[in-house]
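As structure tokens, the structure follows; a few thoughts come after it.
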Amino acid sequence: MKFNRGRRHRRNSKAEVDSGDMLSKLPGNIQACNGDRLSELPADVLLNILERVGTLDAVRTCILSKKMHRLPTMLSQIVIDLSPRDLFQKSDVVADVTNKILSRRPPQITIRKLKLKFVLSPPCCHSIGKSVGLAMATHKFDAAEFEILTPKDSHICTDDHRVLFADQFNNFVRDYPDAFAGLTRLHLRNMSFGESDIPNILRYCKVLESLSFFMCGAGISSVLHVEHTRLTELVISYCEFKRVELSCLPKLQRVTFGNWTCGCSKKSNWPCDESPLILGFVPQLSKLSLPQACLSRKTLNLSQLLANVPTVSDLYLEFRSEKVLTPISLPHYHCMMLICNGSNLCIIRGFNLCTTSFCLYQVWIRPECPKVLAPVLTQLRSVSLDNLPEECDISWTMFLLEAAPSVEDLCITVWDHKCRKESQKSRSRKMDVHWEPSDPDFKHKNLARLTIYGFQSDDNFIGYVRRVIQAAANIREVSLHDRKVCRLCSEKFPHLGVRPSSYPRTSKEVDLLMKNMTAAATTSPDIHFCS
């Protein structure tokens, strides 16, 4: 074995000599390029180059040259954003690099962007909190962001872990208030707070503009009150609150509130008649994203949810491919309902009944009378309806067009995504939905684009596209895509199989469909089949 290693070493040495001989034969101008040409560039050019890579890569690059040693302390952007796997292995490195860059930094150089992703551990938090706090006091920051990961990942986090992590984070905030005083973005996960903790955190973060919670909460009986003068974006995903009240957020523009566990879940005896989201004083709210509340089994009225917010221009609703059949009490004043009777699913208008034992196809956003809904959708410009179940007729979604005369873009995705919690159980039987508009001569003057993912050559989709084209007087473009494909779905649930696609494949099929969909239409939009 020793002899073999020696032979390999000699072969490597010979290769290096041959390589050197080859380099010596190159022209002089090419040989010069193999020297340290990078450090000879002007400092501003070098800084521009270094800021296009991550900060840790920039530091490693500058170690190669004495002339570049000080450049990391002059970077206007300090971004340390490692993958979770790398972060757990290099947690101490993140804290050490942050401390060295900020502690040696000239105070006259503005930090345009500081973005740190780090693990919630006392040593790491102590180092980062101290160095960032001192820098906040002596330097000008345009933007500063913390993304804090917990030592335990979401899928192995217990309730006790989440309580512990929340306590550690609260101590972090209290011990280093200066580090949070200039923070503009904060991302938290896997923490179970006390009911007063989050309002206290917001008081420390005086200039916070974006706040994100993932797998956080304060218990299924808790109410989260959010008030802040500077916050413009709020994201709450997979969190556990009975209710979230956005009481006073004068600059809030974007809200994502989804996959929540509210008080009407199976874990609780709280009533289901309370909305899990209350929009109070949010006069600038323009974008609202509502992924489906899979654990709440509620239906929400948009007219009630948006009663104080007629400013929403971008609305995203996600349905998780749900196919939930459940008995529900029906108030007599509902002007339209989705009734399942045997194998037929239809919408009944003017149904004068207080309660019924029929089952409803529970679409968690309840279709409403356009006259009731119109006052809160006057500024709506873009609507996205994601992951509608494939068995359900999509014509009921027309109620949004009737109620929102300013909508310009409508995007619908029809997809049984089996990776979702409820949709992997089995395929439901085909259910027919019949929809009649409140005004048979309904016309929409502003809709310009219709996009459908999951389009199939059947009466459901063909009739829907035809109806939209006939109603939209100025529609310019219709984009029709085939059904989405998820590799994980087929791997995890092979016994369910793949539903055959009837998406058009030939030019003859396309021509026939276009003729069918534009029949009796007064406009001729561009129809694109995007397989």
Side-chain angles (χ1 to χ4, degrees), residues 50-51 53-63 69 71-73 75 77-105 111 113-136 139 141 143-193 197 201 204-205 208 210-216 235 237-238:
L50 294 174
E51 287 183 349
V53 299
T55 299
L56 292 182
D57 289 332
V59 171
R60 282 192 287 266
T61 301
C62 293
I63 291 175
H69 275 183
L71 289 181
T73 65
L75 293 170
Q77 297 188 73
I78 302 169
V79 178
I80 301 180
D81 187 5
L82 300 176
S83 67
R85 181 178 179 179
D86 290 339
L87 197 59
F88 289 126
Q89 296 175 350
K90 303 176 182 178
S91 180
D92 295 339
V93 174
V94 172
D96 184 55
V97 169
T98 301
N99 178 52
K100 287 181 177 178
I101 290 178
L102 294 179
S103 62
R104 302 172 185 176
R105 185 179 184 82
I111 299 177
K113 180 180 180 180
L114 172 69
K115 180 178 181 179
L116 300 178
K117 182 190 289 187
F118 57 95
V119 177
L120 181 70
S121 65
C124 184
C125 290
H126 172 76
S127 176
I128 290 177
K130 184 177 179 180
S131 57
V132 173
L134 289 173
M136 289 281 186
H139 294 70
F141 283 75
E145 177 177 354
F146 282 175
E147 182 175 351
I148 302 177
L149 275 61
T150 52
K152 298 285 186 180
D153 204 1
S154 301
H155 64 283
I156 59 173
C157 232
T158 65
D159 291 341
D160 290 338
H161 287 140
R162 292 188 175 92
V163 171
L164 173 64
F165 297 150
D167 289 341
Q168 290 178 343
F169 179 74
N170 286 330
N171 293 333
F172 181 27
V173 175
R174 284 192 294 267
D175 292 343
Y176 301 98
D178 289 343
F180 288 85
L183 209 61
T184 56
R185 300 179 68 89
L186 177 61
H187 308 271
L188 302 176
R189 61 178 63 199
N190 304 329
M191 299 182 191
S192 186
F193 295 99
D197 288 345
I201 292 168
Y204 282 100
C205 303
L208 195 66
S210 178
L211 177 62
S212 172
F213 294 109
F214 177 78
M215 295 290 286
C216 294
V235 178
S237 297
Y238 294 93

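Sequential numbering from 1 along the given sequence is applied to the chain's residues. Remember, it's a predicted structure, so these values are computed and weren't measured experimentally. Side chains are part of it too, since the values below use all heavy atoms of this structure and drop only hydrogens, waters and symmetry mates.
- Here the side chains of Pro84 and Leu149 are in contact, with some heavy-atom distance below 4.5 Å.
- At distances below 3.5 Å, at least one donor-acceptor pair connects side-chain atoms of Asn170 with backbone N or O atoms of Ala166.
- Of the inter-residue distances, the one linking Leu188 atom CG with Met215 atom CE reads 14.0 Å to the nearest 0.5 angstrom.
- For the pair Arg105 (side chain) and Leu75 (backbone), a donor-acceptor distance under 3.5 Å is present.
- Looking at heavy atoms from C-beta onward, Ile78 lies out of side-chain contact with Thr98 at the 4.5 angstrom threshold.
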Report task. Apply side-chain contact (heavy atoms from CB on, under 4.5 Å) to the pair His161 and Asn190, showing each step before the final yes or no. Result -> CA-CA 8 Å; His161 287 140; Asn190 304 329; over 6 Å; no
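- Taking both residues in full, the closest heavy atoms of Cys62 and Leu50 are given as SG-CD1, 3.6 Å, listed atom of the first, atom of the second, then distance.
- Between atom OG of residue Ser210 and atom CG of residue Leu186 there is a gap of 8.5 Å, rounded to the nearest 0.5 Å.
- With hydrogens and angles ignored, the 3.5 Å screen pairs no side-chain donor or acceptor of His126 with any backbone N or O of Pro123.
- Contact between Leu87 and Val94 at its shortest, heavy atoms only, is CD1-CG2, 3.8 Å.
- A donor-acceptor pair is defined here as one N or O able to donate and one able to accept, closer than 3.5 Å; no such pair exists between the side chain of Ser91 and the backbone of Phe88.
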Query raised in the report: Hey, mind stepping through Asp96 and Ser127 against side-chain contact (heavy atoms from CB on, under 4.5 Å) and telling me if it holds?
Result: CA-CA 8 Å; Asp96 184 55; Ser127 176; over 6 Å; no
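- Between Phe169 and Tyr204, the distance separating the two ring centers is not shorter than 6.0 angstrom.
- Note that CG of Leu102 and NE2 of His139 are 7.5 Å apart. Values are rounded to the nearest 0.5 Å.
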Report task. Could you walk me through whether Asp197 and Met191 pass side-chain contact (heavy atoms from CB on, under 4.5 Å), step by step? Result -> CA-CA 11 Å; Asp197 288 345; Met191 299 182 191; over 6 Å; no
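- Here the CD atom belonging to Gln77 is positioned 10.5 Å from the CG atom belonging to Leu114, to the nearest 0.5 angstrom.
- The two residues Cys125 and Phe118 come nearest to each other via the heavy atoms SG-CE1, 4.2 Å.
- Contact of the Val132 side chain with the Leu183 side chain is not registered, since no non-hydrogen atoms from C-beta on lie closer than 4.5 Å.
- With contacts defined as side-chain heavy-atom distances shorter than 4.5 Å, the pair Cys157/Phe165 qualifies.
- Other residues, nucleotides and ligands place no more than 12 heavy atoms under 6.0 Å from the CG atom of Asp159.
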Query - Verdict with supporting geometry, Ile101 and Val59, side-chain contact (heavy atoms from CB on, under 4.5 Å) - result: CA-CA 9 Å; Ile101 290 178; Val59 171; 4.1 Å; yes
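- Taking all atoms of both residues into account, the shortest heavy-atom contact from Gly129 to Tyr176 is C-CD2, 3.5 Å.
- A donor-acceptor distance shorter than 3.5 angstrom exists from the side chain of Lys117 to the backbone of Leu82, with no hydrogens or angles considered.
- Considering only heavy atoms from C-beta on, Ile80 comes within 4.5 Å of Leu56 through its side chain.
- The side chain to side chain contact (heavy atoms under 4.5 Å, CB included) test with Ser212 is passed by exactly one of Arg189, His187, Arg185: His187.
- Separation of atoms CZ (Arg162) and OG1 (Thr150) is listed at 8.5 Å; rounding is to 0.5 Å.
- To the nearest 0.5 Å, the span separating OG on Ser192 from CG on Leu164 amounts to 11.5 Å.
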